[in-house]
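Every heavy atom of this structure was used, including side-chain atoms; hydrogens, water molecules and symmetry mates were not.
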Amino acid sequence: MDIFKLLDEDQRYQLFIIRFLDVTKDEYITISKIVEITGQSKFKVINFIHALNYDIRKFKENCKIAIQDDLIITENVDLTIIKLLQIDYFKTSPTFLLLIYLLEEGGTIEKYATDNFLSTSKAYATRRQLINFLKSLGIKVKKNLLVGEEFAVRNILGTLIFEALNGYYSPFSKEITIFVKKIRELLTYFYNLRLTPTQVKKMEVLIAISLIRCKNGNTINNSFITDLDKFFRDIKNEIYHISNYIFVDQKTLMDEFSYNSMFLFTEGVLEKEFNDKFNLSYFEELDNNSGIISEKIIHKLEDSYNTKLSIEIQKFYTQRLKQANRRKSIFSFETSSFATNNQVQSVRELYPIYSEIVWQVIEEEYIDVSKDDLSRYFYDYLFILIDVIPPAKVERPIYVCVDFSQGIEYTNFIIKQIEGFKDLNLIIEYRLTSHTNILISNCVWENFNGTQIVWKNPPMPSDWEYFGNAVIRAKRKLLYEDISFNKGEGEMK
């Protein structure tokens, strides 16, 4: 889903340029390079950069994109600035504003044009742009209403709005915003919630869409809770008052409460006493598929490491996978994480065997899904696997000997910094042993067969980068030695 298609062309190019400069900040980027990858003229690219400088200064005065001959240099431009710029562009985008208008009001295009100071012809051109975009996502616009399979419509709208605005502000009317706050506070009290800031923002977007859709007659016709009256008995009066204010019958509103509660359930933030009250029949087929996938991943993991995992661990991984797939099916909130090859590669280098196992399984199971969706499944399943079964439980650690001639105080100072690499499964040694894989010192040692790293005093960022890469190489060597042994191709000593 390319949410940036909801922006004007110039805004799309400007956001692309500033995002590209951010992910390539350690490289030399030229105007010629931007011309090449955008297909725009040099004149246009320079104008885009001038426009960006004007736009970003409202967020921080000393940030800018400078041009020196052909070279582009960014100054004090970070991801916070880029996010604020993106939010600002969506707040003023005619196409995005039309989406919110059709979602909440479903009024005439003429009224939309008047409200947003647009000509009628511009408003209709914007409508065509929006229709084409939504059509690709399975949503139709009929009589200026958004039509489609209800869960899919809500899922797509929630993703669009949250990804565009990051929960930074509410694009909805004052009335909806007031009731969103009331319902969020009511559910927070009812479930005794302790939500993170991002969970609060996602919940508010979901409640807003839920309220708007049911108010306009687009109900889910499904309850995710077995006995609604009994379950919501303690807040039934509050639900009754809200239903009267927004002109939605109480049963429909309780269904919507169950829908928002299911989001909380899939986020794993509810107390255990509530878990057995949910009706999961909607997810039956999805849960069966999740069970098959988790079983395949666990079996491949056991085969690769010649180990046997407990039934409890297997069940826990299956449970987590089911929750992730349930959440994705109706509350996906897709984001643009791991957007570059470098970001993807860094994760796969840290966890090569886990990555290979998960990728093999999802390629077998998800034949007809898009490349983006395949990546999201991959990272969901991989991160759950790492959380449930940390590699340290099944992989051999990397032994690192640290010995500097400056003495034990300086050596301990370096060790404290190395211990920050928790995910690398390291064991620190003060002297060489038969286990040592990597030796770090300011001296050169003879007759050491492992990786020897000689550092400056103190180590530079490039030294730390080299160390990280050395650990990854050592891990891969050990991992594939172990796998060769487990397949009968060698002996473990």
Side-chain angles (χ1 to χ4, degrees), residues 1-97 122 125-126 128-130 132-133 136 159-160 162-166 168 334-349 370-372 374-376 379 461-462 465:
M1 184 190 303
D2 184 2
I3 65 168
F4 301 107
K5 288 182 178 179
L6 294 175
L7 298 177
D8 287 345
E9 186 178 75
D10 285 2
Q11 291 175 325
R12 286 202 302 273
Y13 278 116
Q14 285 159 208
L15 263 182
F16 173 82
I17 289 169
I18 199 169
R19 284 156 62 95
F20 180 77
L21 292 174
D22 180 64
V23 298
T24 57
K25 62 175 65 174
D26 296 326
E27 304 173 29
Y28 288 102
I29 302 299
T30 61
I31 294 290
S32 304
K33 179 66 175 177
I34 302 296
V35 167
E36 178 189 339
I37 61 177
T38 62
Q40 300 295 298
S41 67
K42 181 177 180 179
F43 174 78
K44 271 200 164 184
V45 168
I46 291 172
N47 279 347
F48 288 149
I49 292 174
H50 288 327
L52 279 169
N53 278 322
Y54 178 83
D55 291 338
I56 62 178
R57 284 197 185 110
K58 70 178 73 172
F59 310 119
K60 189 191 286 185
E61 287 187 5
N62 65 341
C63 64
K64 68 175 181 177
I65 304 170
I67 302 172
Q68 294 182 1
D69 296 326
D70 196 41
L71 188 65
I72 303 174
I73 300 169
T74 60
E75 298 178 15
N76 301 310
V77 177
D78 55 24
L79 197 53
T80 300
I81 298 295
I82 296 170
K83 286 284 188 181
L84 290 171
L85 180 68
Q86 172 184 310
I87 292 164
D88 192 56
Y89 282 176
F90 275 103
K91 282 171 66 175
T92 57
S93 163
T95 313
F96 183 75
L97 292 174
K122 170 65 176 174
T126 302
R128 285 193 296 273
Q129 181 183 347
L130 179 61
N132 290 335
F133 174 75
S136 68
T159 297
L160 281 172
F162 185 79
E163 179 73 349
L165 304 175
N166 284 186
Y168 190 75
E334 297 170 1
T335 61
S336 52
S337 300
F338 307 104
T340 70
N341 291 332
N342 288 342
Q343 291 167 324
V344 171
Q345 189 63 25
S346 66
V347 174
R348 292 191 175 183
E349 284 179 347
S370 69
K371 186 178 178 182
D372 284 346
L374 204 63
S375 292
R376 290 185 182 97
Y379 286 109
S462 58
E465 182 180 359

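- Residues Glu163 and Gln86 approach most closely at O-NE2, 2.8 Å, considering heavy atoms.
- Here the straight-line distance linking atom CG of Leu71 with atom OG of Ser32 works out to 10.5 Å at 0.5 Å rounding.
- Although no hydrogens or angles enter the test, the distance criterion places no donor-acceptor pair under 3.5 Å between the side chain of Gln11 and the main chain of Leu6.
- Taking the side chain to side chain contact (heavy atoms under 4.5 Å, CB included) definition, one finds that Val45 meets it with Ile31, Ile34, Val35, Thr38, Gln40, Ile49, sequence neighbours left out.
- Here the side chains of Leu85 and Ile18 are in contact, with some heavy-atom distance below 4.5 Å.
- With a 4.5 Å cut-off on side-chain heavy atoms, Leu160 and Phe133 count as touching.
- Annotation: ring pair (Phe, Tyr, Trp, His ring centres under 6.0 Å) contacts involving residues 37-78, sequence neighbours excluded, comprise Tyr13-Phe48.
- Under the 4.5 Å side-chain criterion, counting only non-hydrogen atoms from C-beta, Leu130 is not in contact with Thr126.
- Side chains of Phe4 and Arg19 form a contact here, defined as non-hydrogen atoms less than 4.5 Å apart.
- Between atom OH of residue Tyr28 and atom CD1 of residue Ile72 there is a gap of 14.0 Å, rounded to the nearest 0.5 Å.
- Partner of Leu15 under the side chain to side chain contact (heavy atoms under 4.5 Å, CB included) criterion, out of Leu7, Asp10, Leu52, Asp55: Leu7 alone.
- Other residues, nucleotides and ligands contribute only 12 or fewer heavy atoms inside 6.0 Å of the CD atom of Glu61.
- Taking 4.5 Å as the limit, some side-chain heavy atom of Tyr168 sits within range of a side-chain heavy atom of Leu84.
- Every residue two or more places apart in sequence or in another chain that forms a side chain to side chain contact (heavy atoms under 4.5 Å, CB included) with Glu36 is listed here: Lys33.
- Not one N or O on the side chain of Asn53 forms a donor-acceptor pair closer than 3.5 Å with the backbone of Lys64.
- By the side chain to side chain donor-acceptor pair (under 3.5 Å) test, Asp8 pairs with no residue at all, sequence neighbours left out.
- In this structure Lys60 satisfies the side chain to side chain contact (heavy atoms under 4.5 Å, CB included) test together with Asn62, Cys63, Asn76, Asp78, Ile81, sequence neighbours excluded.
- When the side chain to side chain donor-acceptor pair (under 3.5 Å) test is applied to Lys25, the partners found at least two apart in sequence or on another chain are Asp22.
- Side chain of Ser93 to backbone of Tyr89: no donor-acceptor contact under 3.5 angstrom is found.
- Between the side chain of Asn132 and the backbone N or O of Arg128, at least one donor-acceptor pair lies under 3.5 Å.
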